Novice: 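Structure incoming, see below.
Atoms considered below: every heavy atom in the structure, side chains included; atoms not considered: hydrogens, waters and symmetry mates. Sequence lines set the chain letters: A, B, ... in the order given, protein chains first and strands last, and positions in each chain run from 1. Owing to the predicted nature of the structure, the values given are computational and were not obtained by experimental measurement.
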Amino acid sequence: MEVDYEITSTEEKTGKNIVVILVGAPGSGKSTFCENVMSAARCPWVRICQDTITNGKSGTKAQCLSSAAEALKDGKNVFIDRCNLEKEQRAEFVKLGGLHVDVHAVVLDLPAKLCISRSVARTGHEGKLQGGKAAMVVNRMLQKKELPKLGEGFSRITYCQNESDVQGAVNTYGGLGPLDTLPPGYFGEEKRDAKVQLGIMKFFKKVDAIDTAMRDKNCSQVSVSEQETKEIDPSCKETEKITSSVGNEYEGNTEDQVLLEGSSVGSLSSKGVPTLAFPSISTSDFQFNKEKASDIIVEKVEEFLKKVGNVRLVLVDLHESNILSLVRSKAEQKNIDSKRFSTSVGDITRLYTRGGLRCNVIANAANWRLKPGGGGVNATIFSAAGPALEAATKERAGSLSPGKAVVVPLPSTSPLFKEEGVTHVIHVLGPNMNPQRPNCLKNDYDKGCRILGEAYSSLFEGFASILSIQTKLWKGSEEVSGSRSSELHENLFERNITNKREGRYASDRIKKYKGPQEESGIQHAISGSNGKESLSAMTDSMEGKVQSKNEKVDGGKRKVWSAWAQALYHIAMHPEKHKNEVLEISDDIVVLNDHYPKAQKHLLVLARMDGFDSLVNVGAEHLQLLKTMQAVGLKWVQSFLSDDASLVFRLGYHSAPSMRQLHLHVISLDFNSNHLKNKKHWNSFNTAFFRDSIDVIEEIEKYGKATLHDDEKLLSMELRCHRCRSAHPNIPRLKSHISNCQAPFPATLLQNDRLVLAPSQVHNKA
DNA sequence: GTTCTAGAAC
DNA sequence: GTTCTAGAAC
C-alpha cells in the first residue's frame with residue numbers, strides 16, 4: 001500500500017482518471033450509488049454493468065474490461081458495477097490502473113439483512129433468483145466476501161457501513177471535478193468481523209394477505225426503479241451456481257422458510273408513496289375494547305384515504321394479534337384498497353431495516369406527559385429514536401390530552417431518521433379504560449369511542465399536514481413534477497401526480513377550519529401542539545392560497561401589485577434611469593444587487609419583458625429568456641467565486657414573489673446578512689418555495705410549465721438549517737447556528753447542479 | 001419588499 | 001425585564 005501511496009502522491013496534480021470498483025452484495029446499492037454520483041458529477045463517468053453491457057442484456061467480464069479500457073481512453077472515469085466481493089473477481093479490473101489511471105474501491109458493506117431484503121424484493125422483476133433463493137445467495141456471497149486491500153492495487157478504498165457513509169462517498173465522487181484527485185488510502189471503517197446473520201427476517205412471521213396483494217398489483221404506484229431491479233446481475237454469475245448448490249441446504253429450515261415468505265414483503269418497500277405506520281391506539285395498556293377499536297380504525301382509515309390520495313397507512317403490531325386480524329377482515333369487507341392500507345407484524349421502529357418497509361412517519365401511542373419509558377410502543381420508539389426525539393418533542397408540546405396528536409419532526413441526528421428514514425413521529429394519546437392509568441373513562445364507551453375516533457383523526461390529519469409541507473400534495477397541481485429523488489427523507493416523499501380531488505379537499509378543509517365548530521383534535525394535529533403554528537395562521541395562509549388560485553383559475557384577473565412592489569418593474573423598464581444600482585444591462589435582462597441582500601452576495605437578474613411578472617405565467621415561449629437569465633447569473637457567480645472560493649451559490653425563483661417583474665435570485669448560501677430577519681426571509685430561500693432555476697428550466701422543457709410551491713405554509717415552516725436540517729426556535733438562534741454549521745449540504749441540493757461552487761471547494765462542501 | 005410596534009414568549 | 005414574532009401600514 002505504501003508503494004501505491006507514493007505513486008499517487010507524486011502525480012497528484014495531474015488529474016488522473018479513476019476506475020472505481022464497487023464492492024458489495026446484491027442489494028447493497030451499487031447501481032444507485034453510481035446513478036447518484038453520475039447525476040451530481042462534474043466530469044464524465046461511465047458505469048459498466050455486466051448485466052446490461054450487451055445492449056441492455058448481460059455480457060461477459062471480458063466485455064466489461066474492454067469497455068472500461070475504452071472509456072478510460074476517452075478520458076472518462078469508470079464505475080465497475082458488479083459485486084466484486086472476492087479478490088479474484090476484482091484482480092483483472094484492478095489491472096486497468098496505471099500511470100494515468102487510479103483504481104479505487106468503494107465497499108458498500110451494508111448490513112446483510114438490508115441487502116437481502118432489498119435483493120429479495122427485486123428479484124420479482126428479474127425472475128432469475130426467486131425470493132428466498134436470492135436470500136440464500138446473498139447470504140452465501142457475503143460469507144465469501146473478501147474486503148479489498150490497498151495491496152491488491154487500489155490507491156484508495158472507501159468503506160461504507162451505512163446509508164450516511166454511502167451518501168458521503170456519493171458526495172465525494174459526485175463532487176469531483178476533471179482536475180481533482182482524491183487522497184489515497186483507506187477511508188471509512190472496515191468491519192471485518194461482521195458475521196452474516198441467517199434467518200434475519202423471522203421478524204415477518206406472517207405475510208399479510210393484504211401485503212401480498214399489494215406487492216403483486218402495486219407495480220405502478222410502488223415502483224422499484226429499473227436499476228434497482230437489475231441489482232442481481234451476471235457479475236454474480238458465480239452465485240447462480242451457488243444457488244443450486246445452496247438451495248437444498250436450506251430446505252426444511254423452517255426459519256428460513258419463514259424468511260422466504262416474509263422477505264417478499266420487503267418488496268413493498270414502496271419508494272415514493274408517503275407511508276404512515278401506526279400502532280393500534282389504546283387497545284393494549286389502556287385496555288380499550290378491540291372489537292370497537294377495530295371498527296374505529298377502519299372507519300377512520302377509510303375516511304382519510306378517501307380524502308387524501310397517494311398515501312399509505314400501515315397498522316403495525318409487534319405480534320400477529322387479534323386487533324390486526326379484526327382490522328384486516330373489516331378492511332377487506334369494506335373493500336379498502338389494500339395497496340393503500342395494510343397491516344404488518346413487526347417492530348415499528350425497524351420496519352425498514354428489518355422488513356424493507358419504508359415508513360416516513362410513525363405514530364407513537366404516547367403517554368400524556370409525552371415522556372419516554374413506560375412500556376410498549378412508547379418505550380420502543382423513544383429508545384430507538386434516542387434523546388433527540390425527547391428534545392424535539394419537548395420543543396413542540398409538554399403534554400397531550402386524550403384524542404389529540406402532536407407532530408414532531410425527527411432531527412436528522414436521530415438513529416431512527418438515519419437508519420430507518422423516519423422523518424416525523426406523531427405522538428397520539430388515546431382514551432384509557434384501564435383503572436390503573438390516568439384519566440380512566442370507567443367503561444364509558446360513548447366517550448371512549450369518540451375520543452379514539454378523534455385520536456385517529458388527529459393522527460391522520462397530522463400526517464397530512466406533513467405531506468402538505470413536504471410534497472405539496474394538497475396543492476392539486478395537475479402535472480407530474482420532476483421526479484428526481486432527493487435527500488434521505490425526501491426520497492420517501494417523491495413527488496407524485498396529484499389530482500383535482502385532492503386540491504378540492506384542501507380547500508374544503510379550509511372552509512371547515514374557518515367554520516365555528518372546529519374539531520379540536522384535528523386542529524391540534526395540524527397546529528403541531530399548542531398553537532405555535534396556530535390555527536389562525538393556517539387558515540389565513542390557506543385563504544391566501546385560495547385567493548391566488550382563483551386568480552389563476554379565473555385567468556382574467558391579474559394580481560394587483562402595490563406601489564412598493566413595482567420597484568423592480570420600473571428598473572427593468574428603464575434601467576438607464578437607475579444607473580447607480582444597475583450592474584449590467586442587455587436587451588433581455590438587467591442585473592442589480594438586491595436592495596436588502598439576504599447573504600454576503602445576493603443579486604437579482606431581472607427579465608425585461610413587460611408583463612412577465614412571475615413564474616405563474618411562464619411557458620415554453622420564455623425558455624430562452626430563462627436560460628439567458630441563468631447564464632448571466634452563473635457568469636456573476638463565477639466572478640464572485642474567483643474572489644472568494646469559499647462561497648456557495650444557488651440560483652432560483654420565489655414561487656410567489658412579493659415584487660413584480662420576474663427576477664432570478666443569485667444568492668450565496670452563507671445567509672450572513674442583517675437583512676435576513678424573519679421566518680419568511682429564511683424559508684423563501686430554504687424551502688420548496690424557492691425553485692432552482694435549473695429545475696424550472698428542465699420542467700418547462702419537459703412539460704411546458706413550471707411547478708410552483710406558493711403555499712404560504714412553506715414560509716411559516718419551522719426554521720431548519722439548510723445544511724444539517726436541524727430545527728431552531730427563532731431567527732437569532734438559527735443564524736448563530738448557521739454561522740458555524742459545516743455539515744455537508746443535503747443530497748437534494750448536491751444533485752443536478754443546484755449548487756454552484758468553486759471547483760476547488762467541491763469536496764469540502766460535499 | 002421594509003418598518004414599526006404591540007404583545008407573546010422567555 | 002428583554003427578546004422575538006407577526007400583523008398592519010406603506
Novice: Check the distance between B:dT2's P and A:Trp564's CH2 and give it to me in whole angstrom.
Specialist: 9 Å

Novice: Take the protein atom NE2 of A:His728 and the nucleotide atom P of B:dA9, then report the distance between them rounded to whole Å.
Specialist: 21 Å

Novice: Give me the ring orientation class for A:Tyr596 and A:His675: parallel if the planes are under 30° apart, tilted from 30 to 60°, perpendicular past 60°.
Specialist: perpendicular

Novice: Check A:Asp587 with A:Arg608, please: is the shortest side-chain N to carboxylate O separation under 4.0 Å?
Specialist: no

Novice: Determine, step by step, whether A:Lys635 and A:Glu584 satisfy the salt bridge (charged side-chain N to carboxylate O under 4.0 Å, His left out) criterion, reporting the C-alpha distance in whole Å, the side-chain angles of both residues, the deciding distance to 0.1 Å, and the verdict.
Specialist: CA-CA 11 Å; A:Lys635 184 189 73 184; A:Glu584 178 181 346; 2.9 Å; yes

Novice: Expressed as a whole number of angstroms, how long is the span from A:Asn674:CG to B:dT2:P?
Specialist: 12 Å

Novice: Can you list the residues that meet the salt bridge (charged side-chain N to carboxylate O under 4.0 Å, His left out) rule with A:Glu390, with sequence neighbours excluded?
Specialist: none

Novice: NA contact type, A:Leu568, heavy-atom cut-off 4.0 Å: base, sugar-phosphate, or nothing?
Specialist: nothing

Novice: Can you check the A:Arg733 CZ to C:dT2 P distance for me, whole Å?
Specialist: 19 Å

Novice: Kindly confirm or rule out a cation-pi arrangement of A:Arg691 over A:Tyr653, judged by NZ or CZ under 6.0 Å from the six-membered ring centre and within 45° of its axis?
Specialist: no

Novice: Given atom CG of A:Asn730 and atom P of C:dT2, what is their separation to the nearest angstrom?
Specialist: 18 Å

Novice: Calculate the interatomic distance between A:Glu712 atom CD and B:dG1 atom C1'; express it in whole Å.
Specialist: 13 Å

Novice: Mind checking what makes salt bridge (charged side-chain N to carboxylate O under 4.0 Å, His left out) contact with A:Arg437, not counting sequence neighbours?
Specialist: A:Asp285

Novice: Rounded off to whole Å, could you give me the CD-to-C1' distance for the A:Gln566 and C:dC10 pair?
Specialist: 14 Å

Novice: Grab the N/O contacts between the protein and nucleotides 3-8 of chain B below 3.5 Å, and write none if there aren't any.
Specialist:
{"from": "B:dT3", "atom 1": "OP2", "to": "A:Lys677", "atom 2": "NZ", "distance (Å)": "2.9"}

Novice: Which whole-number value in Å describes the distance from A:Lys680 NZ to B:dT2 P?
Specialist: 9 Å

